[in-house]
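This report refers to the structure that appears directly beneath it.
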Amino acid sequence: MTPPKKSQEMKASTAAAKLDVYLPATPAEFQASSVSREELTELQRNPPQWLVDLRRDGPHPRSVIAGRLRISIAGLARGGVTDPLSTAEIEALQADPPSWLVREREIAAEVRREERRQESREADRRAAAAAAAAPEKPKR
C-alpha cells in the first residue's frame, strides 16, 4: 500500500506570481504562509474578496502593468516605471500616453511582427521538409 501523496507547496511569492498579484499588497497571513497546489486552485476558482480587489484595483506587478500597456517589462524599465501601479494609474497612462509609452508600443508591435515572420518562415520550412520526406506516388 502506498502512502497518500503529500501536496506540493510553493512560496507565497510564487503563488502571488501565479495569481498575477503584487505580493506586498496581499494580506500578511498570505505572505507568511506556503500555498499548496490545491489551495492555489481554490484561490483561482473562488477568489476571496482581497484577491478580487487586488486584481481590480492594484497595485499591480510589472507583468500585469506591461500586459495592460501592451509593452514588455523591459520597456517599463526603460520608461522609468519601477514601482507597482494601480489600475487608475495604468488607465491614466493609457488615456494620455507619454512619448516613452508610444515608442515602447511601436517596439513591441515590431517585435510581434518579427515573431510572426519567423513563425511563418519556420512553418514553410517544416512543410517543405515534410513534402521532401513524403514518398512520391508512382505515375500511371
Side-chain angles (χ1 to χ4, degrees):
M1 212 164 133
T2 60
K5 280 192 169 186
K6 184 178 178 188
S7 179
Q8 233 180 354
E9 298 213 343
M10 62 191 85
K11 294 179 183 177
S13 59
T14 303
K18 290 179 180 287
L19 293 169
D20 282 334
V21 294
Y22 182 59
L23 179 63
T26 61
E29 59 271 7
F30 179 83
Q31 294 177 37
S33 66
S34 59
V35 179
S36 71
R37 290 207 177 271
E38 292 78 18
E39 291 168 332
L40 179 68
T41 301
E42 183 60 25
L43 285 170
Q44 291 169 327
R45 250 191 254 137
N46 299 310
Q49 191 59 47
W50 64 264
L51 183 54
V52 171
D53 294 342
L54 267 180
R55 286 177 168 167
R56 183 186 60 233
D57 303 325
H60 300 289
R62 289 181 302 203
S63 60
V64 172
I65 298 167
R68 289 187 180 185
L69 294 175
R70 297 184 325 271
I71 63 173
S72 67
I73 293 174
L76 278 179
R78 286 190 294 267
V81 178
T82 57
D83 295 328
L85 299 178
S86 68
T87 299
E89 292 169 318
I90 294 169
E91 289 171 352
L93 285 172
Q94 290 171 328
D96 187 21
S99 60
W100 68 264
L101 181 54
V102 172
R103 186 175 56 253
E104 289 301 329
R105 284 180 173 167
E106 290 168 356
I107 291 169
E110 180 56 37
V111 167
R112 286 190 294 273
R113 279 192 294 275
E114 181 59 27
E115 287 172 348
R116 281 194 300 273
R117 276 194 293 273
Q118 291 292 336
E119 288 170 2
S120 176
R121 198 174 297 139
E122 182 62 22
D124 291 346
R125 186 197 64 75
R126 282 193 306 270
E136 285 190 37
K137 293 182 179 175
K139 293 181 182 178
R140 292 184 189 191

Atom pair CG/CD of D96 and E91 - distance to nearest 0.5 Å:
14.0 Å
Inspect the surroundings of CZ in R78 and state if more than 12 heavy atoms from other residues, nucleotides or ligands are less than 6.0 Å away.
yes
Could you walk me through whether L40 and Q44 satisfy the side chain to side chain contact (heavy atoms under 4.5 Å, CB included) test, starting with their C-alpha distance in whole Å, then the side-chain angles of each, then the deciding distance to 0.1 Å, before giving a yes or no?
CA-CA 6 Å; L40 179 68; Q44 291 169 327; 4.1 Å; yes
Taking every heavy atom of F30 against every heavy atom of A15, the minimum-distance pair comes out as CZ-CB, 3.8 Å
Test: R125 and E122 ion pair at under 4.0 Å
yes
Partner residues of Q49 under the side chain to side chain donor-acceptor pair (under 3.5 Å) criterion, sequence neighbours left out
D53
Flag yes if M10 and L51 sit in one hydrophobic cluster, no otherwise; membership is Ile, Leu, Val, Met, Phe, Trp, Tyr, and two members link when side-chain heavy atoms are under 4.5 Å apart.
yes
What do the steps show when you test R117 against E110 for salt bridge (charged side-chain N to carboxylate O under 4.0 Å, His left out), and what is the final call?
CA-CA 11 Å; R117 276 194 293 273; E110 180 56 37; 3.1 Å; yes
Look only at the side chain of Q94 and the backbone of R68, and say whether a donor-acceptor pair between them is shorter than 3.5 Å.
yes
Do L43 and P48 touch side chain to side chain, with heavy atoms closer than 4.5 Å?
yes
Is it true that, when you exclude R105 itself, more than 12 heavy atoms of the residues, nucleotides or ligands shown sit nearer than 6.0 Å to its CZ?
yes
Hey, quick one: are I107 and L101 part of the same hydrophobic cluster, counting side-chain heavy atoms closer than 4.5 Å, chains of contacts allowed?
no
Determine which pairs satisfy side-chain hydrogen bond (donor to acceptor under 3.5 Å, both in side chains) with at least one residue from residues 9-21, sequence neighbours left out, and list them in order.
E9-S34
From the list I73, L76, I71, L69, side chain to side chain contact (heavy atoms under 4.5 Å, CB included) with V81 holds only for L76
Return yes if a side-chain donor-acceptor contact under 3.5 Å exists between Q118 and E114, otherwise no.
yes
Evaluate the side-chain proximity of I65 to Y22: yes if any heavy-atom separation is below 4.5 Å, no if none is.
no
Are the side chain of Q31 and the backbone N or O of A12 linked by a donor-acceptor pair below 3.5 Å?
no
Going through the distances and angles, do R116 and E119 end up as a salt bridge (charged side-chain N to carboxylate O under 4.0 Å, His left out)?
CA-CA 5 Å; R116 281 194 300 273; E119 288 170 2; over 6 Å; no
Say you draw a straight line from OG1 of T41 to CZ of R37; how long is it, rounded to the nearest 0.5 Å?
8.0 Å
Residue pair T87 / H60, side-chain heavy-atom distance below 4.5 Å:
yes
Taking side chain as C-beta onward, heavy atoms only, is P59 less than 4.5 Å from L54?
yes
What are the two closest non-hydrogen atoms of E29 and S33, and how far apart are they?
O-OG, 3.1 Å
